[in-house]
Amino acid sequence: MSALDTAGTYRLGDRTVRRIGYGAMQLAGPNAFGPPRDRSAALGGLRAAIASGVDHIDTSDYYGPHITNELIREALHPYPADLMLVTKVGAKRGVDGSWNPAASADELRGAVHHNLRRLGLETLELVNFRLMLDESLPAEGSVEEPLAVLDALRQEGLIRNIGISNATPAQVREARRLIEIACVQNKFNLAHRGDEALIAELAADGIAYVPFYPLSGFSDQQTAVLDEIAAGLGATPMQVALAWLLQHSPNILLIPGTSSIAHLKQNLAVAGFVLPAEAVALLDGIATG
Ligand SMILES: NC(=O)c1ccc[n+]([C@@H]2O[C@H](COP(=O)([O-])OP(=O)(O)OC[C@H]3O[C@@H](n4cnc5c(N)ncnc54)[C@H](OP(=O)(O)O)[C@@H]3O)[C@@H](O)[C@H]2O)c1
């Protein structure tokens, strides 16, 4: 049995949120581009999330683009006082749906203003600077300039908290030397565990780690292990994958993405699950990297 409180809360910047939130990316069309197939279902999913106690939603104005933020505003504005709406800047979409860097000072300022306007807010609770990890911003490049832009916006009162996403451990450390970092949002799941040491480092200082793709990229062999454990526990394989993350470290906050209310409810029901030690040991052993 794990000693971790999987049903609990954790600090996210200057707020405290439940450990299971909601990732809104899947609400736009395929590849987070264009409108949803069923607009009223997307609005209903957001309202169901809030009605079920979600107090942390992850979004960006480049999902759609603009569409996810517009849906959030239409479904939820005026927002519940305890809702932590987290957005990201640093990317823009091409007309073909491609994902491109947008990290100049003008682009970052513009993105913050677009998020404010589309979400109908005067201040953004938390903005992640999302690195694109390409030629224009190499993997180990400095994050000083973009973070200085966001920090200036924070001092102007347009942002309350700043996080970083898609960053290497060295970039996270540089960011933390420069400004207060509220969270790190990187890819991490059962199969993909490159950030293991970084997560522990952040946990020691009480900083949230928010894995994206918590349910994506499992091999057939990993899926078979998940299926077997889930069958034995009367849970679904995706619930087991989320429960493993919650038990892995106390600073992990989940933002599973779904366009399905049934899946949303299954994901939220993971709060309070405790995986038996044998299941955790099996899952600990199936990483690919
Ligand atoms: N910072 C970044 O660079 C970055 C990158 C990617 C994503 N994100 C954020 O992270 C969030 C999560 O990532 P993601 O949505 O791409 O990936 P994900 O959470 O790993 O997986 C989403 C997929 O899992 C399915 N799913 C969700 N719950 C399920 C359940 N209980 N049972 C079965 N299938 C389930 C969804 O399909 P259904 O719709 O059918 O449920 C969807 O296809 C996003 O919403 C976004 O906010 C950030």
Side-chain angles (χ1 to χ4, degrees), residues 20-33 36-38 41-42 44-46 48-49 52 54 56-65 67-69 71-72 84-93 99-103 111 115 126-134 137 139 162-168 171-172 182-192 194-195 208-218 222-223 226-227 230 235-246 252-271 273:
I20 308 182
Y22 177 66
M25 187 175 86
Q26 308 288 344
L27 292 180
N31 188 32
F33 196 65
R37 266 181 290 270
D38 184 341
L46 283 162
S52 309
V54 165
H56 170 201
I57 295 181
D58 186 79
T59 184
S60 177
D61 204 51
Y62 55 70
Y63 293 155
I67 286 167
T68 299
N69 278 353
L71 289 167
I72 289 172
M84 184 77 156
L85 257 181
V86 178
T87 192
K88 294 177 280 301
V89 295
K92 64 184 174 197
R93 309 302 293 277
W99 303 76
N100 304 300
N115 276 281
L126 200 165
V127 175
N128 282 309
F129 170 56
R130 201 269 201 203
L131 284 105
M132 295 301 288
L133 299 183
D134 70 355
L137 201 50
I162 298 169
I164 189 161
S165 176
N166 260 7
T168 65
Q171 284 164 333
V172 172
C183 67
V184 174
Q185 186 179 122
N186 276 0
K187 180 175 170 181
F188 184 84
N189 60 39
L190 261 177
H192 183 93
D195 272 353
Y209 182 92
V210 187
F212 69 78
Y213 292 152
L215 300 175
S216 303
F218 304 144
Q222 288 158 341
T223 302
L226 278 173
D227 287 348
T236 74
M238 296 298 108
Q239 286 180 312
V240 172
L242 293 177
W244 178 84
L245 279 168
L246 285 184
I252 288 185
L253 294 178
L254 300 182
I255 48 164
T258 181
S259 53
S260 142
I261 291 182
H263 286 167
L264 168 78
K265 298 215 157 142
Q266 287 171 9
N267 297 345
L268 296 175
V270 173
F273 267 35

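Just follow the structure's listing: the first ligand is 1, and inside any ligand the first atom is 1. Quick note: residue numbers are just sequence positions, from 1.
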Check ligand 1 for close polar pairs with the protein: N or O on both sides, less than 3.5 Å.
unit_1: ligand 1; atom_1: 1 (N); unit_2: S165; atom_2: OG; d: 2.7
unit_1: ligand 1; atom_1: 1 (N); unit_2: Q185; atom_2: OE1; d: 2.8
unit_1: ligand 1; atom_1: 3 (O); unit_2: R130; atom_2: NE; d: 2.9
unit_1: ligand 1; atom_1: 3 (O); unit_2: R130; atom_2: NH2; d: 3.1
unit_1: ligand 1; atom_1: 15 (O); unit_2: Q26; atom_2: NE2; d: 2.7
unit_1: ligand 1; atom_1: 16 (O); unit_2: Q26; atom_2: NE2; d: 3.3
unit_1: ligand 1; atom_1: 19 (O); unit_2: G257; atom_2: N; d: 3.0
unit_1: ligand 1; atom_1: 20 (O); unit_2: P214; atom_2: N; d: 3.2
unit_1: ligand 1; atom_1: 20 (O); unit_2: L215; atom_2: N; d: 2.7
unit_1: ligand 1; atom_1: 20 (O); unit_2: S216; atom_2: N; d: 3.3
unit_1: ligand 1; atom_1: 20 (O); unit_2: S216; atom_2: OG; d: 2.8
unit_1: ligand 1; atom_1: 28 (N); unit_2: N267; atom_2: ND2; d: 3.1
unit_1: ligand 1; atom_1: 31 (N); unit_2: Q266; atom_2: OE1; d: 3.4
unit_1: ligand 1; atom_1: 31 (N); unit_2: N267; atom_2: OD1; d: 2.7
unit_1: ligand 1; atom_1: 39 (O); unit_2: S259; atom_2: N; d: 2.8
unit_1: ligand 1; atom_1: 39 (O); unit_2: S259; atom_2: OG; d: 2.8
unit_1: ligand 1; atom_1: 41 (O); unit_2: T258; atom_2: OG1; d: 2.5
unit_1: ligand 1; atom_1: 41 (O); unit_2: H263; atom_2: ND1; d: 2.5
unit_1: ligand 1; atom_1: 45 (O); unit_2: G23; atom_2: O; d: 3.3
unit_1: ligand 1; atom_1: 45 (O); unit_2: M25; atom_2: N; d: 3.2
unit_1: ligand 1; atom_1: 47 (O); unit_2: D58; atom_2: OD2; d: 2.6

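Side chain of Y63 to main chain of Q26: no donor-acceptor pair is present (N/O by atom type, distance under 3.5 Å, no hydrogens or angles). Remark: side-chain polar atoms of R130 are not paired, donor with acceptor, to backbone N or O of Q185 under 3.5 angstrom.
Qualifying side-chain contact (heavy atoms from CB on, under 4.5 Å) partners for P211, counting only residues two or more places apart in sequence or in other chains: F188, Y209, L245, I252, L254. Applying the ring-ring contact (aromatic ring centres under 6.0 Å, His included) criterion to Y62, with sequence neighbours excluded, gives W99. Under the side-chain contact (heavy atoms from CB on, under 4.5 Å) criterion, A182 pairs with L126, N161, not counting sequence neighbours.
Ionic pairing of D58 and K88 is present here: one or more N-O contacts between side-chain nitrogen and carboxylate oxygen are shorter than 4.0 angstrom.
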